[in-house]
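Each remark here refers to the structure printed beneath this line.
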Amino acid sequence: QVQLVDSGGGLVQAGDSLRLSCAASGRTFSDYAMAWFRQAPGKEREFVARISKGGGVTLCVDSVKGRFTISRDNAKNMVYLQMNSLKPEDTAVYYCAATQQLENRTNGASYDYWGQGTQVTVSS
């Protein structure tokens with residue numbers, strides 16, 4: 001089992017920045033690729049970004065490229081999502097997730113463990 005606790009969300013204005021954190025415990029953190037997903041009201045869950053087990057490979061959705069950065073600290077069992085130039089359309093509950101699968105990297109069904117979510121609200 002891997003336990004994930006998300007934090008760092010809040011209410012900000014368009015153009016502001018936020019840094020989300022996800023603390024992992026349980027099994028060896030570095031055995032898992034990590035990702036962030038988000039779900040806006042009335043919408044399906046959406047992949048945001050993913051980082052490989054060692055942190056050397058990242059992937060993100062086009063809508064956040066150049067604004068969001070995913071990173072991890074395996075010594076601290078932490079994964080982060082730095083969000084800059086936030087837009088109202090970034091408003092959602094953000095979830096971190098963990099997987100050992102190498103395929104279907106943007107599919108939430110491939111992830112075995114999830115955080116409880118943290119709310120990000122961006123006002124215009």
Side-chain angles (χ1 to χ4, degrees):
Q1 290 283 343
V2 175
Q3 292 78 43
L4 302 174
V5 178
D6 308 322
S7 63
L11 171 63
V12 297
Q13 293 186 331
D16 286 350
S17 298
L18 275 177
R19 187 198 198 199
L20 305 185
S21 298
C22 175
S25 61
R27 295 187 176 179
T28 305
F29 181 63
S30 57
D31 285 346
Y32 294 82
M34 300 296 297
W36 288 95
F37 289 78
R38 66 186 180 186
Q39 188 166 20
K43 295 187 177 181
E44 294 188 354
R45 182 175 58 196
E46 175 189 31
F47 168 79
V48 177
R50 171 185 165 118
I51 189 165
S52 61
K53 293 183 288 186
V57 179
T58 61
L59 174 69
C60 64
V61 68
D62 285 347
S63 61
V64 307
K65 282 183 180 178
R67 301 189 298 121
F68 291 12
T69 303
I70 187 170
S71 62
R72 67 189 295 163
D73 185 337
N74 284 349
K76 295 182 178 180
N77 290 1
M78 297 289 296
V79 63
Y80 307 99
L81 186 68
Q82 178 66 44
M83 306 186 295
N84 298 328
S85 302
L86 281 161
K87 303 176 180 180
E89 51 262 44
D90 295 319
T91 295
V93 178
Y94 284 72
Y95 300 89
C96 71
T99 184
Q100 291 185 299
Q101 294 192 39
L102 299 179
E103 303 299 326
N104 300 314
R105 294 176 294 173
T106 64
N107 187 339
S110 300
Y111 291 78
D112 301 306
Y113 303 103
W114 294 82
Q116 83 286 0
T118 184
Q119 175 71 48
V120 173
T121 303
V122 184
S123 64
S124 57

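Rounding to the nearest 0.5 Å gives a distance of 14.0 Å between CZ of Arg45 and CZ of Arg38.
Residues Arg67 and Asp90 have side chains in contact (heavy-atom distance under 4.5 Å, counting atoms from C-beta outward). Taking 4.5 Å as the limit, every side-chain heavy atom of Asp112 sits out of range of all side-chain heavy atoms of Val2.
For Phe68, there are no ring-ring contact (aromatic ring centres under 6.0 Å, His included) partners, not counting sequence neighbours.
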Only pairs under 3.5 Å count here: list side-chain donor-acceptor contacts from residues 24-34, not counting sequence neighbours, and write none if there are none.
unit_1 : atom_1 : unit_2 : atom_2 : d
Ser25  : OG     : Gln3   : OE1    : 3.4

Side-chain donor/acceptor pairs under 3.5 Å, residues 77-89, sequence neighbours excluded:
unit_1 : atom_1 : unit_2 : atom_2 : d
Gln82  : NE2    : Asn84  : OD1    : 2.9
Asn84  : OD1    : Ser17  : OG     : 2.9

Sequence neighbours left out, cut at 3.5 Å: what donor-acceptor pairs do the side chains of residues 5-16 make with other protein atoms?
unit_1 : atom_1 : unit_2 : atom_2 : d
Asp6   : OD1    : Cys96  : N      : 3.3
Asp6   : OD2    : Gln116 : N      : 3.4
Asp6   : OD2    : Gly117 : N      : 2.7
Asp16  : OD2    : Gln13  : N      : 3.1

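Ring pair Tyr95/Trp114 is perpendicular by interplanar angle, where above 60° counts as perpendicular and below 30° as parallel.
No donor-acceptor pair closer than 3.5 Å links the side chain of Gln101 to the backbone N or O of Arg105.
For residues 47-58, every residue pair satisfying the side chain to side chain donor-acceptor pair (under 3.5 Å) rule, not counting sequence neighbours, is listed here: Arg50-Tyr111.
Cys60 and Val64 make their closest contact through CB-CG2, 4.0 Å (heavy atoms, listed as atom of the first residue, atom of the second, distance). Summarising the geometry of Trp36 relative to Ser21, their closest heavy-atom pair is CH2-O, 3.6 Å, with the distance given to 0.1 Å. Taking each heavy atom of Phe47 and Ala35 in turn, the nearest pair found is CE1-CB, 4.4 Å.
Chaining together hydrophobic side chains whose heavy atoms lie under 4.5 Å apart leaves Leu102 on its own.
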